[in-house]
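Here it is, the structure in full.
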Amino acid sequence: EHKPTISIVVAALKPKYGIGYQGKMPWRLRKEIQYFKNVTSKTTKSNGINAVIMGRKTWESIPKKFRPLPDRINIVLSRSFNNETIDDSVIHADSIENGLKLIKGKNVDKVFIIGGGEIYNSVIGSELVDNLLITEIEHTDPETVPMDTFLKFPEDKWVKQPKSELEKFIGEPVDENITEGDYAYNYTLWTRK
Ligand SMILES: NC(=O)C1=CN([C@@H]2O[C@H](COP(=O)(O)OP(=O)(O)OC[C@H]3O[C@@H](n4cnc5c(N)ncnc54)[C@H](OP(=O)(O)O)[C@@H]3O)[C@@H](O)[C@H]2O)C=CC1
Ligand SMILES: COc1ccc(Oc2cccc3nc(N)nc(N)c23)cc1
């Protein structure tokens, strides 16, 4: 069984890497949402499937009719969960390690940690995480964008890869310098130094 790569995938507003406000994302970037759906769903492994790992609060803020996120195994983390497989697409676990144990044998290709703030910041220091897929967002006046959740990642421990490496990881070309309203953003891949 090949060991799946584990990547954080997040959209963050520079320079403070803000990611949320009052339980929501402070922006709605249509092409960026498409990128997120495509990257986390696309698998190059024959009859493979990807898994997404999220915190209980992020799961609860997905409207019932839209969860689980389709075409991906959804692993939800809560300290009060027993480790159990709920159905073909949903797994409950009390840690990432225990969640990963429950997907063994399911032909999982890539694993993506999709939020939220507490999950990101509790795993970003862990050796478990191989890649950071950060959509780096810029704004004409970032201080005017309301934020209360920030990605705390040690920039000295990670190195931003060239776009060619990101495209290799995803398996297709990516746009650059995308603008939507007052936002401009680029997709990036970071690996450990
Ligand atoms: N910009 C972006 O790309 C994204 C931003 N976000 C933003 O993040 C915010 C939501 O994040 P947040 O409120 O922190 O909630 P999370 O989605 O991170 O969920 C937090 C819950 O996850 C569980 N949990 C956290 N750490 C662990 C751990 N180490 N082991 C087991 N369970 C754990 C706990 O559940 P319990 O309490 O049940 O024990 C905790 O209460 C929102 O603002 C959302 O918009 C979310 C996704 C993407
Ligand atoms: C409320 O549920 C969710 C909230 C956020 C979420 O993650 C995202 C949603 C939309 C776009 C996203 N873009 C990137 N780069 N990373 C994420 N994790 C995203 C996924 C589910």
Linked, directly or transitively: M147 and L151 (ILVMFWY side chains, under 4.5 Å):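 Per the 4.5 Å side-chain linkage, M147 and L151 are not co-clustered.
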
Any donor-acceptor N/O pair, N121 side chain to K152 backbone, under 3.5 Å: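 Checking the backbone N and O of K152 against the side chain of N121, a donor-acceptor pair under 3.5 Å is found.
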
Path from L128 to L102 over hydrophobic side-chain contacts below 4.5 Å: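 L128 clusters together with L102.
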
Heavy-atom pair of closest approach, residues A184 and T179: CB-CG2, 4.0 Å

Residue pair I49, T43: steps toward the side chain to side chain contact (heavy atoms under 4.5 Å, CB included) verdict: CA-CA 6 Å; I49 186 165; T43 164; 5.6 Å; no

Gap separating the CG atom of L166 from the CD atom of E176, nearest 0.5 angstrom: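 So the gap between those two atoms works out to 10.5 Å.
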
Side chain S41, main chain N38, donor-acceptor under 3.5 Å: no

Minimum side-chain heavy-atom gap Y183-I178 below 4.5 Å: no

Sidechain-backbone polar pair: D87 side chain, T85 backbone, donor-acceptor under 3.5 Å: no

Rounded distance [0.5 Å steps], CD1 in I75 versus CD1 in I73: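 The distance works out to 7.0 Å.
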
Contact check, side chains of L189 and L132, non-hydrogen atoms, under 4.5 Å: no

Heavy-atom side-chain contact between I119 and L77 under 4.5 Å: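 Yes. Closest side-chain heavy atoms under 4.5 Å.
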
Distance-only side-chain donor-acceptor flag, K45 / N107, under 3.5 Å: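 Indeed, the side chains of K45 and N107 share at least one donor-acceptor pair under 3.5 Å.
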
Heavy-atom check, side chain of I6 versus side chain of I113, under 4.5 Å: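 Yes, close enough: below the 4.5 Å cut-off.
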
Interatomic spacing from CD in E32 to OH in Y187 - rounded to 0.5 Å: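 The OH atom of Y187 is 5.5 Å from CD of E32, to the nearest 0.5 Å.
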
Spacing of T58 atom OG1 and E118 atom CD [to the nearest 0.5 Å]: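 Answer rounded to 0.5 Å: 10.0 Å.
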
ILVMFWY network linking I62 to M25, side-chain heavy atoms under 4.5 angstrom: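 Cluster IDs for I62 and M25 match.
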
Crowding at CG, D88 (>12 non-hydrogen neighbours, <6.0 Å): no

Check ion pair E180-R28 (N to O, under 4.0 angstrom): no

Sidechain-backbone polar pair: D148 side chain, Q22 backbone, donor-acceptor under 3.5 Å: yes

Same apolar cluster: Y21 and V145, side chain cutoff 4.5 Å: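 The answer is no; the residues belong to distinct hydrophobic clusters.
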
Which pairs of donor and acceptor atoms, one on a side chain in residues 50-57, lie under 3.5 Å apart (sequence neighbours left out)?
unit_1: N50; atom_1: OD1; unit_2: K110; atom_2: N; d: 2.9
unit_1: N50; atom_1: ND2; unit_2: T40; atom_2: O; d: 2.9
unit_1: N50; atom_1: ND2; unit_2: K42; atom_2: O; d: 2.9
unit_1: R56; atom_1: NH1; unit_2: E60; atom_2: OE1; d: 3.0

Euclidean distance, D94 CG relative to N82 CG, rounded to 0.5 Å: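 With rounding to 0.5 Å, CG (N82) is 8.0 Å from CG (D94).
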
Shortest non-hydrogen separation from S89 to P68 and the atoms involved: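 Between these two residues, the closest heavy atoms are CB-CG, 4.0 Å.
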
Ion pair check, K16 and E143, cut-off under 4.0 Å: yes

Backbone of V174 reached by a side-chain donor or acceptor of E167 within 3.5 Å: yes

Shortest non-hydrogen contact from D109 toward P4: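 Scanning both residues completely, I find the closest heavy atoms to be O-CB, 3.1 Å.
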
Point-to-point distance, once rounded to the nearest 0.5 Å, from CD1 of I134 to NZ of K14: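 Output value for this atom pair is 9.5 Å.
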
4.5 Å side-chain heavy-atom contact, V123 and I96: yes

Minimum side-chain heavy-atom gap N131-W158 below 4.5 Å: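 Result no, sub-4.5 Å side-chain heavy-atom pair not found.
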
Side chains of L133 and V10 in contact at under 4.5 Å (non-hydrogen atoms): no

Any K160 side-chain heavy atom under 4.5 Å of E155 side chain: no

Cluster overlap W59 with F112, hydrophobic side-chain contacts below 4.5 Å: yes

R192, CZ atom: more than 12 neighbouring heavy atoms under 6.0 Å: yes

Donor-acceptor pair between T188 and W190 side chains, under 3.5 angstrom: yes

Residue among F153, F150, Y120 satisfying ring pair (Phe, Tyr, Trp, His ring centres under 6.0 Å) with Y17: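 Option passing the ring pair (Phe, Tyr, Trp, His ring centres under 6.0 Å) with Y17: F153.
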
Residues S95 and N98: side-chain donor-acceptor under 3.5 angstrom: yes

Between N186 and E138, a side-chain donor and acceptor under 3.5 Å: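 Per modelled atom types, N186 and E138 side chains form no pair under 3.5 Å.
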
Test side chain to side chain contact (heavy atoms under 4.5 Å, CB included) applied to L13 and W27, step by step: CA-CA 10 Å; L13 178 67; W27 45 74; 3.7 Å; yes

